[in-house]
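Here the structure is laid out as structure tokens; the discussion comes afterwards.
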Amino acid sequence: MKLKSFLCIGVFGMLFASCNKEKSIETYLVNSWETTYLKIEMTSYQKSDSTYVFEDKFLNNPPRRARSQYNKDGTFSAWFVNQQNEKSGESKGTWKVKNDSLFVAFFYGGRDVKVGYHIEKTTEGFIGKSNYDWDNDGAFDDVLLMKTKKITTTK
């Protein structure tokens, strides 16, 4: 009887120990990121009946690339780098995670931005999707899709 009990405990112990606990989204995001793809679909562009799509695949050494860094203390910064790796357009803000969503708040382009992204982890980084008023027409009907990759930055 004891041998069966030990064997059963051993099997369950190995199963429990072999379970790979996945990092929470909050822990996963504490890092530095570079945007590798961006698409914004504005279905009623500036209150018109026209759709406008902005898309950038950041191929062939683009003139500037968007980067961000999320810190454990709930702060983040976002900026651009040019081909010479010079930083510009930096903005700072706060971030938090609730379930599978990232919520950020920052000031950029002359306005306060508070937006939430549904986050999906990928092998390279993450995909973020949001509905927001990206064309500043008062309607939160624009859809943004962003893909990122993890990077190493120096401060």
Side-chain angles (χ1 to χ4, degrees), residues 16-155:
F16 183 77
S18 68
C19 290
N20 182 8
K21 288 199 172 194
E22 191 174 317
K23 286 183 181 180
S24 71
I25 289 176
E26 186 170 7
T27 302
Y28 185 75
L29 287 175
V30 175
N31 220 312
S32 297
W33 307 94
E34 181 172 290
T35 301
T36 58
Y37 177 80
L38 181 67
K39 182 177 184 180
I40 306 173
E41 294 184 43
M42 296 169 261
T43 55
S44 59
Y45 183 66
Q46 297 182 340
K47 296 188 179 183
S48 70
D49 62 355
S50 298
T51 297
Y52 178 77
V53 177
F54 172 84
E55 184 173 29
D56 197 339
K57 297 178 183 177
F58 299 98
L59 300 174
N60 302 320
N61 197 19
R64 67 182 201 165
R65 298 175 315 279
R67 293 187 173 172
S68 58
Q69 181 170 335
Y70 295 87
N71 305 307
K72 286 182 184 179
D73 66 359
T75 62
F76 82 96
S77 57
W79 65 92
F80 296 99
V81 293
N82 63 17
Q83 292 172 331
Q84 292 74 37
N85 216 28
E86 299 166 328
K87 217 182 215 189
S88 67
E90 185 172 17
S91 63
K92 296 179 181 278
T94 59
W95 69 283
K96 65 181 177 179
V97 170
K98 185 174 180 181
N99 298 324
D100 61 356
S101 296
L102 165 66
F103 297 92
V104 295
F106 57 98
F107 185 80
Y108 183 76
R111 68 178 179 159
D112 287 316
V113 177
K114 292 180 181 179
V115 62
Y117 297 88
H118 174 268
I119 299 296
E120 179 184 329
K121 295 180 197 176
T122 66
T123 54
E124 283 191 318
F126 65 88
I127 296 172
K129 297 177 186 173
S130 74
N131 290 334
Y132 190 73
D133 180 18
W134 295 109
D135 61 357
N136 206 21
D137 67 356
F140 287 74
D141 59 350
D142 309 320
V143 180
L144 177 142
L145 172 68
M146 166 181 60
K147 295 179 183 180
T148 68
K149 67 178 179 181
K150 192 179 296 187
I151 59 169
T152 302
T153 60
T154 55
K155 287 191 172 191

Task: Derivation and outcome, side chain to side chain contact (heavy atoms under 4.5 Å, CB included), residues Leu144 and Met42 - done: CA-CA 9 Å; Leu144 177 142; Met42 296 169 261; over 6 Å; no
- [ ] List the steps and the verdict of side chain to side chain contact (heavy atoms under 4.5 Å, CB included) for Lys129 and Val143.
- [x] CA-CA 7 Å; Lys129 297 177 186 173; Val143 180; 5.9 Å; no
- [ ] Quick one: sort the Tyr70 and Phe76 rings into parallel, tilted or perpendicular, breaks at 30° and 60°.
- [x] parallel
- [ ] Drop me the distance from Ser50's OG to Tyr45's OH, to the nearest 0.5 angstrom.
- [x] 10.0 Å
Open item on the list: Under the criterion side chain to side chain contact (heavy atoms under 4.5 Å, CB included), I'd like the reasoning laid out for Trp95 against Leu29: C-alpha separation, chi angles, the key distance, then a yes or no.
Closed with: CA-CA 10 Å; Trp95 69 283; Leu29 287 175; 4.1 Å; yes
TODO: Keeping the roles fixed (side chain from Lys147, backbone from Thr122), state whether a donor-acceptor pair exists under 3.5 Å.
DONE: no
Task: Least distance between heavy atoms, Thr148 atom then Thr36 atom - done: N-OG1, 3.9 Å
Task: Close side-chain approach of Met146 and Phe126, heavy atoms under 4.5 Å - done: yes
- [ ] Give the minimum heavy-atom separation between Ser130 and Gly116, together with the two atoms involved.
- [x] CB-O, 3.1 Å
Open item on the list: Quick one: does any side-chain atom of Asp137 pair with a main-chain N or O of Ala139 as donor and acceptor, under 3.5 Å?
Closed with: yes
Task: Gap between atom CD of Glu34 and atom CZ of Arg67 - 0.5 Å precision - done: 4.5 Å
Open item on the list: As an exercise, state the distance from OG1 of Thr43 to OH of Tyr52, rounded to the nearest 0.5 Å.
Closed with: 14.5 Å
Task: Close side-chain approach of Thr75 to Lys92, heavy-atom, < 4.5 Å - done: no
TODO: Taking all heavy atoms of Tyr108 and all of Gly89, pick out the closest pair and write down the distance.
DONE: CE1-O, 4.1 Å
TODO: Over 60° means perpendicular and under 30° means parallel, so classify the ring planes of Tyr28 and Trp33, tilted if in between.
DONE: tilted
Task: 4.5 Å side-chain heavy-atom contact, Asn85 and Arg65 - done: yes
Task: For Asn99 against Ile25, the heavy-atom pair lying closest together - done: O-CD1, 3.9 Å
TODO: Quick one: pull up CG in Leu102 and OH in Tyr117 and give me the separation to the nearest 0.5 Å.
DONE: 7.5 Å
Open item on the list: Rounded at 0.5 Å granularity, tell me how far CG in Asp133 sits from CD in Gln46.
Closed with: 9.5 Å
TODO: First locate atom CH2 of Trp79, then atom OG of Ser88, and finally report the distance between them rounded to the nearest 0.5 Å.
DONE: 11.5 Å
- [ ] Please lay out, stage by stage, how Asp100 and His118 fare under the test side chain to side chain contact (heavy atoms under 4.5 Å, CB included).
- [x] CA-CA 6 Å; Asp100 61 356; His118 174 268; 2.9 Å; yes
Task: 4.5 Å side-chain heavy-atom contact, Thr35 and Phe58 - done: yes
Task: Smallest separation among heavy atoms of Gln83 and Pro62, with atom names - done: CG-O, 3.4 Å
Task: Check: Val113 and Phe106 side chains under 4.5 Å, non-hydrogen atoms - done: yes
- [ ] Let me know which of Thr51, Asp141, Asp135 forms a side chain to side chain donor-acceptor pair (under 3.5 Å) with Ser44.
- [x] Asp141
